[in-house]
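The figures here come from the full heavy-atom set of this structure, side chains too, leaving out hydrogens, waters and symmetry mates. Start at 1 and go down the list; that is how both ligands and their atoms are numbered.
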Amino acid sequence: MYQSGCPAAVLLLVAGAVLALSGHCVARSDAPRGVALGFVFDPKAQCETRCAHGGICIRNNTCLCSRGYEGESCQLATCYPKCKNGGVCLRPGKCRCQPGYGGRYCQKVTCDGGCWNGGECSAVNGVPRCICPSSWTGSRCQEALCPQGCRNKGVCVAPGICSCLDGWLGGACHTAVCAVPCQNGGKCISPGKCRCRPPYSGARCEEKNKTY
Ligand SMILES: *[C@@H]1O[C@H](CO)[C@@H](O)[C@H](O)[C@H]1NC(C)=O
């Protein structure tokens, strides 16, 4: 953070030893406060607000901060790289991230609960979202998609796979099952129910209507 023309003097100041320095020495600062500037150590300097985090009072009310801190009295921690996405620097190199962000510098988007089934977490207009593979949907890509649809209260359990209620079959649960087959060309239209062709009737289309 700083290079000193007189490192021994700095060490003495840090140790709190009595100084018998003749005059001043010059150093340069590249502290993140702003423009690099030359400065002068004054052994008698007083800083109204104590220099925090090991900072050194080098002139009246001027602190030279130790690595990782900045601000008038070195009260602010610095993070390099800077905390991204609204994260706050807690102590040197340690960011506290906004919800939805993670990683050392809050540079990573995190989706609460994660993304399942190969979904990828990504920021969409600044909001973390799971981007799902084509056959999955839902906030975490937890819901399978059945493009054919699952009819008759069937449930899509995996991409393209319906789980059907008893009495229904087929990829979309669209085929009714009649345990006793419909007779005389009748059609099974729902579980156990036949639609008969004239002149037949009855539960299994087994009766011939006499009027015909
Ligand atoms: C620093 O402050 C002290 C006390 O206020 C004062 O006596 C001294 O002259 C000041 N030094 C400089 C270089 O201004």
> Counting only non-hydrogen atoms of the protein, does one fall under 4.0 Å from atom 11 (N) of ligand 1?
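Within 4.0 Å: yes, protein heavy atom nearby.
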> Nearest protein heavy atom to atom 2 (O) of ligand 1: under 4.0 Å?
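Protein heavy atom within 4.0 Å of atom 2 (O) of ligand 1: present.
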> Honestly curious: do Val157 and Leu145 fall in one hydrophobic cluster under the side-chain, below-4.5 Å linking rule?
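Per the 4.5 Å side-chain linkage, Val157 and Leu145 are not co-clustered.
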> Does the Cys121 SG fall under 2.5 Å from that of Cys111?
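Between Cys121 and Cys111 there is a disulfide, given that their SG atoms are under 2.5 Å apart.
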> Regarding Cys150 and Cys162, I want to know if their SG-SG distance comes in below 2.5 Å, which is how I'm defining a disulfide.
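Answer is yes: Cys162 pairs with Cys150 in a disulfide.
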> Can you tell me if the gamma sulfurs of Cys65 and Cys74 fall under 2.5 Å?
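Looking at Cys74 and Cys65, their sulfur gamma atoms lie closer than 2.5 Å, so the answer is yes.
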> To check your reading of the model: name the closest protein heavy atom to atom 14 (O) of ligand 1, its residue, and the distance in Å.
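I find the closest protein heavy atom is Asn60 ND2, 3.3 Å.
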> Looking only at protein heavy atoms, which one is nearest to atom 13 (C) of ligand 1, and what is the separation?
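Of the protein heavy atoms, Asp42 OD2, 3.7 Å lies nearest.
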> Would you say the SG of Cys106 sits under 2.5 Å from the SG of Cys83?
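Disulfide absent: SG-SG distance not under 2.5 Å.
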> Around atom 5 (O) of ligand 1, find the nearest protein heavy atom and jot down its residue, atom name and distance.
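Of the protein heavy atoms, Gln46 OE1, 4.2 Å lies nearest.
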